[in-house]
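All remarks here apply to the structure that follows.
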Amino acid sequence: MNIILLGPPGAGKGTQAKRIEEAKGLVQLSTGDMLRAAVAAGSEVGMKAKEVMAAGGLVSDELVIGIISDRIDEDDVQDGFILDGFPRTVAQAEALDVLLKEKSKNLDVVIEMQVEDDPLIKRITGRSTCGSCGEGYHDEFKKPAVEGKCDKCGANDFQRRADDNEETVRSRLVAYHEQTAPLVDYYGKTGKLKSIDGMVAIDDVTAAMLDILS
Ligand code: AP5
Ligand code: MG
């Protein structure tokens, strides 16, 4: 099964993708994570993406389409993947259609996470991630059971993203509304779009998604 999670910054795409990975055995493909890894490695892709990401804009379609095209050829995703943060423009969605056709793969469902803008600022500015295992946290909504210790791996290495400040989040929201929101119509026309309420508690969002996927 191959699915897309569609939603603005802070909608909970990464949080839910990790849960669906565990429940369904699919592989999370986050273009944001891939680009951050490229920036950290100082690669050519990373150097092209760094400033655009820091400003809250979108990196070029060509660059992310290339990354996804290579990634979906890899062995570990042949039983299914969860696209998190891709596609983000109509051009990316059209390119994905072509790629999937060429590679004889199907898109099963697109889950739109419906959320309000204002609470997303709080979600994003309160976010941290375990630098050791990648588990996500929030200062208020998802604290570790023992302060300073990752629930999953026990490490004390909570990290914050360079683009998780209020100013950049506002730019990311503008980019979402202008360039990504048209994908709701795009996938609505294919009959593959399912919309869920992303404002409820994390566990309730997971339950709604697993219901769609079962
Ligand atoms: P990316 O990494 O994809 O960032 P994003 O889309 O801005 O989304 P986030 O990762 O910020 O949010 P999320 O929906 O994953 O939320 P999360 O689950 O963490 O992209 C970063 C940048 O890379 C882009 O700005 C762009 O420059 C570039 N880029 C990436 N892909 C690209 C592409 N295809 N084309 C061009 N450029 C691209 O949750 C957030 C917080 O809220 C967490 O703390 C979590 O614990 C909490 N939370 C989650 N759900 C709930 C809930 N239901 N209730 C309360 N709290 C919750
Ligand atoms: Mg994310």
Side-chain angles (χ1 to χ4, degrees), residues 4-21 28-40 45-46 48-69 71 82-93 95-96 111-117 119-130 134-144 151 158-181 183 196-209:
I4 293 174
L5 298 187
L6 185 60
K13 303 181 296 295
T15 302
Q16 299 301 334
K18 289 209 159 48
R19 288 168 165 226
I20 298 171
E21 265 194 334
Q28 175 193 18
L29 301 184
S30 157
T31 40
D33 286 348
M34 293 174 204
L35 290 167
R36 278 184 288 281
V39 170
V45 166
K48 283 184 188 157
K50 189 175 179 181
E51 277 182 29
V52 183
M53 292 173 79
L58 295 185
V59 307
S60 76
D61 288 334
E62 192 191 355
L63 198 146
V64 285
I65 291 163
I67 292 178
I68 285 293
S69 174
R71 185 66 184 91
I82 308 155
L83 289 169
D84 158 6
F86 181 93
R88 246 175 161 102
T89 63
V90 170
Q92 290 180 22
L96 178 65
I111 304 181
E112 180 209 1
M113 307 175 75
Q114 294 183 328
V115 285
E116 297 150 23
D117 273 10
L120 300 183
I121 311 270
K122 192 171 175 186
R123 281 196 192 176
I124 287 195
T125 52
R127 167 170 56 192
S128 61
T129 304
C130 174
E135 184 71 356
Y137 291 93
H138 190 278
D139 296 344
E140 190 178 328
F141 308 129
K142 189 178 178 264
K143 296 179 183 178
D151 294 344
F158 294 89
Q159 298 186 354
R160 295 193 189 260
R161 274 168 47 179
D163 60 344
D164 277 356
N165 55 76
E166 184 166 344
E167 193 190 346
T168 307
V169 175
R170 291 200 185 277
S171 302
R172 284 155 60 194
L173 284 169
V174 171
Y176 179 81
H177 290 296
E178 289 182 358
Q179 297 178 75
T180 310
L183 296 183
I196 58 150
D197 181 2
M199 295 309 296
V200 295
I202 294 176
D203 286 349
D204 296 333
V205 178
T206 308
M209 287 195 176

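Please read these numbers as outputs of a predicted model, since none were measured by experiment. Atoms within a ligand are numbered from 1 in the order they appear, just like the ligands themselves.
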Below 4.0 Å from any atom of ligand 1, is there a heavy atom belonging to [X]?
X    : value
Y137 : yes
A175 : no
G126 : no
G10  : yes
V200 : yes
M113 : no

May I ask you to identify the nearest protein heavy atom to [atom], giving residue, atom name and distance to one decimal place in Å?
atom                    : answer
atom 56 (N) of ligand 1 : F141 CD1, 3.4 Å
atom 8 (O) of ligand 1  : K13 NZ, 3.1 Å
atom 45 (C) of ligand 1 : T15 OG1, 3.7 Å
atom 51 (C) of ligand 1 : I202 CG1, 3.3 Å
atom 19 (O) of ligand 1 : R127 NH1, 2.6 Å
atom 16 (O) of ligand 1 : G12 N, 3.3 Å
atom 27 (O) of ligand 1 : G57 O, 2.5 Å

Which heavy atom of [X] sits nearest to which heavy atom of [Y], and what is that distance?
X    : Y    : value
M113 : V205 : CE-CG1, 4.1 Å
A208 : I196 : CB-CG2, 4.2 Å
V115 : P8   : CG2-CG, 3.4 Å

Where ligand 1 meets [X] - atom numbers and elements under 4.0 angstrom, heavy-atom basis:
X    : answer
G198 : 53 (N)
G14  : 13 (P), 15 (O), 18 (O)
I124 : 11 (O)
H138 : 44 (O), 46 (O)

Gap separating the [atom1] atom of [X] from the [atom2] atom of [Y], nearest 0.5 angstrom:
X    : Y    : atom1 : atom2 : answer
E21  : L29  : CD    : CG    : 8.5 Å
R172 : T180 : CZ    : OG1   : 11.5 Å
R161 : S128 : CZ    : OG    : 12.0 Å
D84  : I4   : CG    : CD1   : 11.0 Å
I202 : R19  : CD1   : CZ    : 6.0 Å
K18  : T206 : NZ    : OG1   : 13.0 Å

Looking only at non-hydrogen atoms, which of [options] approaches [atom] most closely?
atom                    : options               : result
atom 6 (O) of ligand 1  : R88, K142, R161, R123 : R88
atom 29 (N) of ligand 1 : T31, L35, V59         : L35
atom 23 (O) of ligand 1 : R36, M53, M34         : M53

For [X], which part has a heavy atom under 4.0 Å from ligand 1: side chain, backbone, both, or neither?
X    : result
R172 : side chain
Q92  : side chain
P8   : backbone

Exercise for the section: May I ask you to decide if G7's main-chain N or O and K13's side chain share a donor-acceptor pair within less than 3.5 Å? Expected result: yes

Exercise for the section: Answer yes or no: is there an ion pair linking D139 with R160, defined by an N-O contact shorter than 4.0 Å? Expected result: yes

Practice task
Could you go through the side chain to side chain contact (heavy atoms under 4.5 Å, CB included) check for V169 and L120 one step at a time?
Solution key: CA-CA 9 Å; V169 175; L120 300 183; 5.6 Å; no

Problem - Within 6.0 angstrom of E62 CD, more than 12 heavy atoms from elsewhere - result: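 Atom CD in E62 is not crowded, with 12 or fewer foreign heavy atoms closer than 6.0 Å.
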
Handout entry: Partners meeting salt bridge (charged side-chain N to carboxylate O under 4.0 Å, His left out) with D151 (sequence neighbours left out)
Key = none

